[in-house]
Amino acid sequence: MENKKGYVLVRKKDCVRNKANNTNKYVDKGDYCLSIALKYFNAGLYDIKQLRSSAGIQIKETGEIIKLLGIAKTGKSAWLYLETPEQLKTF
């Protein structure tokens, strides 16, 4: 497993809590995860390559650090799979 370092600073209002429609290696169907719309990546706010190489995200307003298991890019958003589901309570 690669050693990931650093965190990407993310605004809380850019993250949306979504329910997974299918099962993959990170979540089961019906579980919740975060997503960030691709319009923020296209506008230059975030970089998907930097997000994939980081250890997690840091919420700009609270300073809370959230570790990620993985990231999936769909047609409209990037889905962030969290290490623990309890971290979704902040959203």
Side-chain angles (χ1 to χ4, degrees):
M1 184 169 176
E2 56 191 70
N3 191 5
K4 296 183 176 186
K5 295 182 180 179
Y7 297 96
V8 176
L9 200 61
V10 175
R11 293 186 305 184
K12 189 175 180 179
K13 70 176 190 174
D14 296 343
C15 298
V16 178
R17 183 170 46 172
N18 286 325
K19 190 181 248 188
N21 295 329
N22 55 6
T23 301
N24 61 21
K25 65 181 181 178
Y26 301 115
V27 293
D28 292 327
K29 183 177 181 178
D31 288 347
Y32 287 94
C33 56
L34 289 180
S35 67
I36 300 176
L38 286 183
K39 66 181 180 180
Y40 299 117
F41 291 102
N42 295 338
L45 259 89
Y46 309 113
D47 183 19
I48 192 76
K49 292 178 183 175
Q50 182 185 10
L51 194 62
R52 284 190 172 145
S53 66
S54 68
I57 60 174
Q58 182 176 7
I59 306 301
K60 186 176 183 178
E61 293 82 8
T62 62
E64 180 182 0
I65 292 176
I66 298 174
K67 296 191 177 192
L68 300 176
L69 285 176
I71 299 169
K73 186 176 172 188
T74 64
K76 295 182 181 179
S77 60
W79 289 63
L80 310 175
Y81 302 112
L82 308 181
E83 215 171 60
T84 57
E86 291 80 28
Q87 294 173 330
L88 282 171
K89 292 179 182 176
T90 60
F91 297 94

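Model, not experiment: these values are computed from the prediction. Computation of the quantities below employed the complete heavy-atom set of this structure, encompassing side-chain atoms and omitting hydrogens, waters and symmetry-equivalent molecules.
Atoms SG and CD1, from Cys15 and Ile36 in turn, are 4.0 Å apart once rounded to the nearest 0.5 Å. Summarising the geometry, atom CZ belonging to Phe41 is positioned 4.0 Å from atom CD1 belonging to Ile48; distances are rounded to the nearest 0.5 Å. Of the inter-residue distances, the one linking Ile66 atom CD1 with Ile59 atom CD1 reads 4.0 Å to the nearest 0.5 angstrom. Considering NZ of Lys19 and OH of Tyr32, their distance stands at 4.0 Å, rounded to 0.5 Å. In this structure, the separation between CD1 on Ile71 and CH2 on Trp79 is 14.0 Å, given to the nearest 0.5 Å. We find the CD1-NZ distance between Ile57 and Lys12 to be 11.5 Å, quoted to the nearest 0.5 Å.
The ring-ring contact (aromatic ring centres under 6.0 Å, His included) analysis of residues 51-77, with sequence neighbours excluded, yields no pairs. Among residues at least two apart or in separate chains, there is no salt bridge (charged side-chain N to carboxylate O under 4.0 Å, His left out) pair with a member in residues 31-49.
Side-chain atoms of Thr62 come within 3.5 Å of backbone atoms of Glu64 as a donor-acceptor pair (strictly under, hydrogens ignored).
Evaluation of the side chain to side chain contact (heavy atoms under 4.5 Å, CB included) rule for Lys73 yields Leu38, Arg52 as partners, not counting sequence neighbours. The side chain to side chain contact (heavy atoms under 4.5 Å, CB included) test applied to Asp14 returns Arg11, Tyr40, Leu45, Tyr46, not counting sequence neighbours. Considering only residues two or more places apart in sequence or on other chains, Leu9 meets the side chain to side chain contact (heavy atoms under 4.5 Å, CB included) condition with Gln58, Lys60. Listed by chain and residue number, Tyr26 satisfy the ring pair (Phe, Tyr, Trp, His ring centres under 6.0 Å) test with Tyr81 (two or more places apart in sequence, or in another chain). Annotation: side-chain hydrogen bond (donor to acceptor under 3.5 Å, both in side chains) contacts of Ser35 (sequence neighbours excluded): Asn18.
Grouped with Ile65 in one hydrophobic cluster are Tyr7, the linkage being side-chain heavy-atom contacts under 4.5 Å among Ile, Leu, Val, Met, Phe, Trp and Tyr residues.
Looking at every heavy atom in both residues, Val8 comes nearest to Ser54 through CG2-OG, 3.6 Å. The minimum heavy-atom distance between Leu69 and Leu82, with the atom names listed, is CD1-O, 3.5 Å.
Within the 4.5 Å cutoff, side-chain heavy atoms of Leu51 are placed close to those of Leu80.
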